[in-house]
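Structure first, then comments.
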Amino acid sequence: MCYGKCARCIGYSLVGLAVLCIVANILLYFPNGETRYASENHLSYFVWFFSGIIGGGLLMLLPAFVFIGLEQDDCCGCCGHENCGKRCAMLSSVLAALIGIAGSGYCVIVAALGLAEGPRCMDYFGQWNYTFASTKGQYLLDTSTWSQCIEPKHIVEWNVSLFSILLALGGIEFLLCLIQVINGVLGGICGYCCSRQQVKICVKITTPRQDHNFPLFHCNLYILLVLICKTLY
């Protein structure tokens with residue numbers, strides 16, 4: 001199993017998901033393609049939290065690019081041993097994954113609150129308010145009540161669809177970052193890539209030699225970890 005390739009795959013997936021989150025959040029500002037509702041402040045205040053643009057979007061790009069670059073990052077090596085440096089890089093990717101978890105969690109929470117609150121719209125009395133705020137999200141199950149929003153047209157469908165997309169995308173991002181936390185820890189402990197051929201190379205490289213000032217204890221410990229990986233994988 002190659003932990004670096006797994007991280008790279010997660011990174012590319014997060015880039016795509018981040019772009020989709022940004023697009024979905026931007027669309028929330030333009031119901032039916034019109035800009036006047038945003039300028040007149042007739043949108044749900046949860047739209048202005050930028051959950052898709054910041055949380056599921058820009059904040060997600062940082063860990064994504066870190067994961068993508070892991071295969072080229074050896075953390076400057078470790079006493080001349082490249083694989084040890086790559087393990088260091090895998091462990092450092094856990095911190096980036098935690099940032100991704102925070103961003104995706106923010107996106108999920110705001111999207112869920114936006115769905116529960118409902119859109120801000122004009123009712124039959126010509127008043128702009130949160131018509132479904134008192135239903136605690138029950139309006140989502142009763143589509144016959146959606147006609148209570150007169151303007152913008154189809155605003156309920158618009159909000160429900162886009163907030164649901166943000167909720168789903170944020171949830172997927174959260175899971176991917178959580179997987180990378182596990183992947184980073186395992187990659188840091190067992191080695192960057194524990195294939196049989198690479199384990200043989202690693203063992204050969206890390207064999208103590210007289211021309212290296214590398215402590216014997218650390219070499220033996222390192223070889224032991226590599227052999228454990230060989231046994232497991």
Side-chain angles (χ1 to χ4, degrees), residues 1-26 49-112 162 164-202 205-206 222 225-226 228-230 232-233:
M1 178 180 179
C2 194
Y3 301 104
K5 290 183 178 180
C6 177
R8 189 176 183 181
C9 180
I10 292 175
Y12 281 121
S13 299
L14 288 177
V15 170
L17 292 170
V19 172
L20 291 176
C21 280
I22 293 174
V23 172
N25 200 154
I26 291 175
F49 284 9
F50 304 107
S51 60
I53 295 177
I54 296 178
L58 299 178
L59 200 59
M60 198 58 55
L61 293 177
L62 172 62
F65 291 138
V66 170
F67 302 158
I68 292 173
L70 278 178
E71 283 191 317
Q72 287 75 40
D73 190 0
D74 65 355
C75 205
C76 300
C78 182
C79 298
H81 295 276
E82 182 182 7
N83 191 60
C84 181
K86 288 185 179 296
R87 295 193 301 165
C88 170
M90 287 298 296
L91 287 174
S92 66
S93 72
V94 175
L95 297 177
L98 293 177
I99 295 176
I101 287 176
S104 59
Y106 174 71
C107 182
V108 168
I109 292 173
V110 174
L162 292 175
S164 296
I165 290 174
L166 286 175
L167 182 64
L169 294 176
I172 296 174
E173 290 175 338
F174 185 90
L175 290 176
L176 288 177
C177 289
L178 186 60
I179 291 174
Q180 179 53 32
V181 170
I182 301 173
N183 181 57
V185 172
L186 292 178
I189 295 176
C190 291
Y192 183 71
C193 198
C194 289
S195 64
R196 293 183 180 274
Q197 292 181 350
Q198 287 175 322
V199 168
K200 291 179 181 179
I201 295 174
C202 291
I205 291 176
T206 55
Y222 183 70
L225 289 173
V226 172
I228 292 175
C229 290
K230 180 180 178 182
L232 293 176
Y233 300 99

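In this chain, residues are counted from 1 in sequence order.
Scored by the side-chain hydrogen bond (donor to acceptor under 3.5 Å, both in side chains) test, Gln180 finds Ser93, Asn183 as partners (sequence neighbours excluded).
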Name every donor-acceptor pair, under 3.5 Å, that has one atom in a side chain of residues 9-20 and the other anywhere in the protein, sequence neighbours excluded.
from: Ser13; atom 1: OG; to: Cys9; atom 2: O; distance (Å): 3.0

Indicate every side-chain donor-acceptor pair of residues 100-112 with a distance under 3.5 Å to a residue at least two apart or in another chain.
from: Ser104; atom 1: OG; to: Gly100; atom 2: O; distance (Å): 2.9
from: Ser104; atom 1: OG; to: Ile101; atom 2: O; distance (Å): 3.1
from: Tyr106; atom 1: OH; to: Phe49; atom 2: O; distance (Å): 2.6

Less than 3.5 Å apart, which donor and acceptor atoms pair up between the side chains of residues 52-69 and the rest of the protein, not counting sequence neighbours?
none

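Sorted by first then second residue, the side-chain hydrogen bond (donor to acceptor under 3.5 Å, both in side chains) pairs that include residues 50-63, not counting sequence neighbours, number zero.
Atom CG in Leu169 sits 10.5 Å away from atom CG in Leu162 (nearest 0.5 Å).
Of all non-hydrogen atoms in Met90 and Gly188, the two that sit nearest each other are CB-N, 3.9 Å.
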